[in-house]
A.B. asks: 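Can you keep this structure in mind? I'll have questions shortly.
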Amino acid sequence: QCCWQLITFLAGCQRQLLSAGGPTYTSLSQTVPRNLPVRTFAAVKAKKKDKKEEPEKEVKKERRIIDDKDRHKPFGKTAWAPVDDVYIQRFYTRTVYGVADAIDLLKSFQVLDFTPPNQPVYIDLRLDMKLEKKKKVDPFVSTVHLPHPFKTELNTVIVFTENADQAKVAEENGAVCVGGVELMQRILDDEISADFYVAVPDMLPKLVPLKNKLRKKFPKSKRGSVGVNIPKMLEIFKTGHEFLVEDGCYIRTQIATLDMPKDHIFANLQTIMMDVCSHRPASLGPFVERAIIASQTSESLWFNSEDVLPKPAEEQEDEVAV
């Protein structure tokens, strides 16, 4: 009976505590300290998504130019010139010949190697395309009239004009085909083609569909293939020699055949070199950085391009004499 009374008393106390809004648990003490986490580092500042990260600018290393003028031997080479007749070429400086000596060597190589005497002669030029204020010379296409042509056949030329009088003049001066917009579909279908295409200025807007087909052969005023002087254009392009800048700064073209006289080869080379150098002001220094001449079967010979170009002093003397 005493136990029952004790149970009843405890139950009453519990109901009284619940009704007073006290805590419903008594197993944990309220005075027990809690171990709260403490952050000992600073939070990373969030990056704004709106601003784009600017890429770091790469610092270009300047090309080191080594002057070998006062050295007892070139940098990285064995000596200035080999002593023996047989030697490894990469251990010595490359020989730069005069133009006349280079042509004589090409002719002697042909005799020693028993190769065809009428093989073509090529030049390979590397140009300095830099201008002032980080500008560059645009790659160009040029057509020159060689003093001693090496081609046996004339180039074919198509003239675009809708003027009857101009068409008659073009036919009289050797145009292979003359016409207007009616020629466009025949060219697109590969029914007719030519080595060069010239046009009068009024025809250019109508020839736009041919740009993708003709590409570099499309008439342009910079190349001299657009104008009203049709006889002059036909004279240039029928017998003219075309060359262009490839890979940004290189010109590779034929200048003659090896069986031509030495002075004829020199004259053709001089004509091409003078036309090349006319595309950049002479005040900026030499335009041709490296010049190579070779025949179809011979080794490549480096030659001095300044031997071909007229010197300023000589030009002044000629002007005074005139």
Side-chain angles (χ1 to χ4, degrees), residues 63 65 74 77 88-113 115-131 136-151 155 195 215-217 223 240-282 284-311:
R63 185 179 178 183
I65 300 176
K77 304 293 183 181
I88 301 176
Q89 188 174 9
R90 69 174 182 270
F91 293 156
Y92 301 91
T93 57
R94 187 180 293 274
T95 304
V96 180
Y97 300 93
V99 177
D101 296 336
I103 297 174
D104 290 337
L105 283 173
L106 293 180
K107 288 182 174 292
S108 64
F109 292 159
Q110 182 270 323
V111 176
L112 294 174
D113 297 339
T115 52
N118 59 344
Q119 58 185 299
V121 178
Y122 301 97
I123 58 170
D124 186 336
L125 307 177
R126 185 178 66 199
L127 308 179
D128 182 9
M129 307 292 282
K130 295 179 181 178
L131 292 173
K136 291 186 177 182
V137 179
D138 295 330
F140 55 87
V141 180
S142 185
T143 303
V144 296
H145 183 74
L146 296 177
H148 307 284
F150 53 86
K151 292 182 179 180
N155 300 320
D195 298 322
R215 296 190 178 183
K216 294 180 180 179
K217 294 183 179 181
R223 297 178 57 188
H241 176 69
E242 185 183 54
F243 60 89
L244 70 157
V245 177
E246 302 174 341
D247 301 330
C249 63
Y250 293 95
I251 292 179
R252 305 177 182 96
T253 184
Q254 183 181 352
I255 62 169
T257 55
L258 198 56
D259 57 347
M260 294 173 62
K262 177 180 175 180
D263 56 341
H264 290 190
I265 299 176
F266 182 88
N268 287 354
L269 174 61
Q270 188 177 40
T271 301
I272 293 175
M273 293 287 291
M274 292 179 64
D275 185 84
V276 169
C277 294
S278 66
H279 288 82
R280 197 184 80 153
L284 298 178
F287 191 26
V288 180
E289 291 184 331
R290 186 262 294 149
I292 296 175
I293 187 171
S295 64
Q296 190 174 22
T297 60
S298 73
E299 62 179 275
S300 299
L301 302 176
W302 290 40
F303 68 93
N304 188 2
S305 60
E306 295 180 359
D307 293 347
V308 185
L309 302 174
K311 297 180 181 180

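Quick note: residue numbers are just sequence positions, from 1.
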A.B. asks: How close do His145 and Thr271 get, heavy atom to heavy atom, and via which atoms?
C.D. replies: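 Smallest interatomic distance, heavy atoms only, reads O-CG2, 4.0 Å.
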
A.B. asks: Using salt bridge (Lys or Arg N to Asp or Glu O under 4.0 Å) as the criterion, list what pairs up with Asp128, not counting sequence neighbours.
C.D. replies: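 Applying salt bridge (Lys or Arg N to Asp or Glu O under 4.0 Å) to Asp128 gives Arg280.
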
A.B. asks: My understanding is that only residues two or more places apart in sequence, or in another chain, count here; which of them pass salt bridge (Lys or Arg N to Asp or Glu O under 4.0 Å) with Asp247?
C.D. replies: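 Here the qualifying residues are Arg252.
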
A.B. asks: Measuring from atom CG of Leu146 to atom CD1 of Ile272, what distance do you get when rounded to the nearest 0.5 angstrom?
C.D. replies: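 Between atom CG of Leu146 and atom CD1 of Ile272 there are 5.0 Å.
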
A.B. asks: Identify the two heavy atoms, one from Leu125 and one from Ala291, that lie closest to each other, and give their separation to 0.1 Å.
C.D. replies: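 What the structure gives for the nearest pair is CD2-CB, 3.7 Å.
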
A.B. asks: Is there a donor-acceptor pair closer than 3.5 Å between any side-chain N or O of Gln119 and the backbone N or O of Thr297?
C.D. replies: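 Present.
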
A.B. asks: Give a yes or no on whether the backbone of Thr143 and the side-chain of Glu242 come within a donor-acceptor separation of less than 3.5 Å.
C.D. replies: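 No, the answer is negative, given that no donor and acceptor are paired below the 3.5 Å cut-off.
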
A.B. asks: Any chance you could measure Met273, atom CE, to Phe266, atom CZ, to the nearest 0.5 Å?
C.D. replies: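 With rounding to 0.5 Å, CE (Met273) is 10.0 Å from CZ (Phe266).
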
A.B. asks: Mind running side chain to side chain contact (heavy atoms under 4.5 Å, CB included) on Cys277 and Leu309 for me, showing each step along the way?
C.D. replies: CA-CA 9 Å; Cys277 294; Leu309 302 174; 3.6 Å; yes

A.B. asks: Would you compute the distance between atom CZ of Arg290 and atom CZ of Phe303 and round it to the nearest 0.5 angstrom?
C.D. replies: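 The distance works out to 10.0 Å.
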
A.B. asks: Do Ser142 and His279 touch side chain to side chain, with heavy atoms closer than 4.5 Å?
C.D. replies: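 Ser142 reaches His279 side chain to side chain.
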
A.B. asks: Go through it in stages, so that I can follow the logic: the residues are Ile293 and Tyr97, the test is side chain to side chain contact (heavy atoms under 4.5 Å, CB included), and I'd like the CA-CA distance, side-chain angles, deciding distance and then a yes or no.
C.D. replies: CA-CA 10 Å; Ile293 187 171; Tyr97 300 93; over 6 Å; no

A.B. asks: Which value, rounded to the nearest 0.5 Å, describes the distance between Leu258 atom CG and Asn118 atom CG?
C.D. replies: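 That separation rounds to 9.0 Å.
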
A.B. asks: How far apart are the closest heavy atoms of Leu105 and Ser108, and which atoms are they?
C.D. replies: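 Minimum heavy-atom contact is O-OG, 2.7 Å.
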
A.B. asks: Just say parallel, tilted or perpendicular for the rings of His148 and His264, cut-offs at 30° and 60°.
C.D. replies: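 Ring orientation, 0 to 90° scale: parallel.
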
A.B. asks: Look at the side chain of Asp113 and the backbone N and O of Ser298, then say whether any donor-acceptor pair between them is shorter than 3.5 Å.
C.D. replies: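 Side chain of Asp113 to backbone of Ser298, a donor-acceptor pair under 3.5 Å: no, none is there.
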
A.B. asks: In this structure, is the centre-to-centre distance between the rings of His241 and Phe150 below 6.0 Å?
C.D. replies: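 Yes: the rings meet the under 6.0 Å criterion.
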
A.B. asks: So how far is it from Asp259 CG to Ser295 OG, rounded to the nearest 0.5 Å?
C.D. replies: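 Reported to 0.5 Å precision, the distance equals 11.5 Å.
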
A.B. asks: Going through the checks in order, is the side chain to side chain contact (heavy atoms under 4.5 Å, CB included) test met by Glu289 and Cys249?
C.D. replies: CA-CA 10 Å; Glu289 291 184 331; Cys249 63; over 6 Å; no

A.B. asks: Kindly give the heavy-atom pair with the smallest separation between Ala294 and Leu106, and that separation in Å.
C.D. replies: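 Heavy atoms only, the tightest pair is CA-CD2, 4.0 Å.
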
A.B. asks: Phe243 and Ile123: side chain to side chain contact (heavy atoms under 4.5 Å, CB included), yes or no, with the steps?
C.D. replies: CA-CA 11 Å; Phe243 60 89; Ile123 58 170; over 6 Å; no

A.B. asks: Which atom names give the shortest non-hydrogen contact between Val288 and Leu127, and what distance separates them?
C.D. replies: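 Distance-wise, the nearest heavy atoms are CG2-CD2, 4.0 Å.
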
A.B. asks: Measuring from Ile255:CD1 to Tyr122:OH, what's the distance to the nearest 0.5 Å?
C.D. replies: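 Here the interatomic distance stands at 11.0 Å.
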
A.B. asks: Once salt bridge (Lys or Arg N to Asp or Glu O under 4.0 Å) is applied, do any residues pair with Lys262, and if so which ones, sequence neighbours excluded?
C.D. replies: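 Expected list: Asp104.
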
A.B. asks: How close do Ala102 and Leu301 get, counting heavy atoms only, and between which atoms?
C.D. replies: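 In terms of heavy atoms, the two residues are closest at O-CD1, 3.6 Å.
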
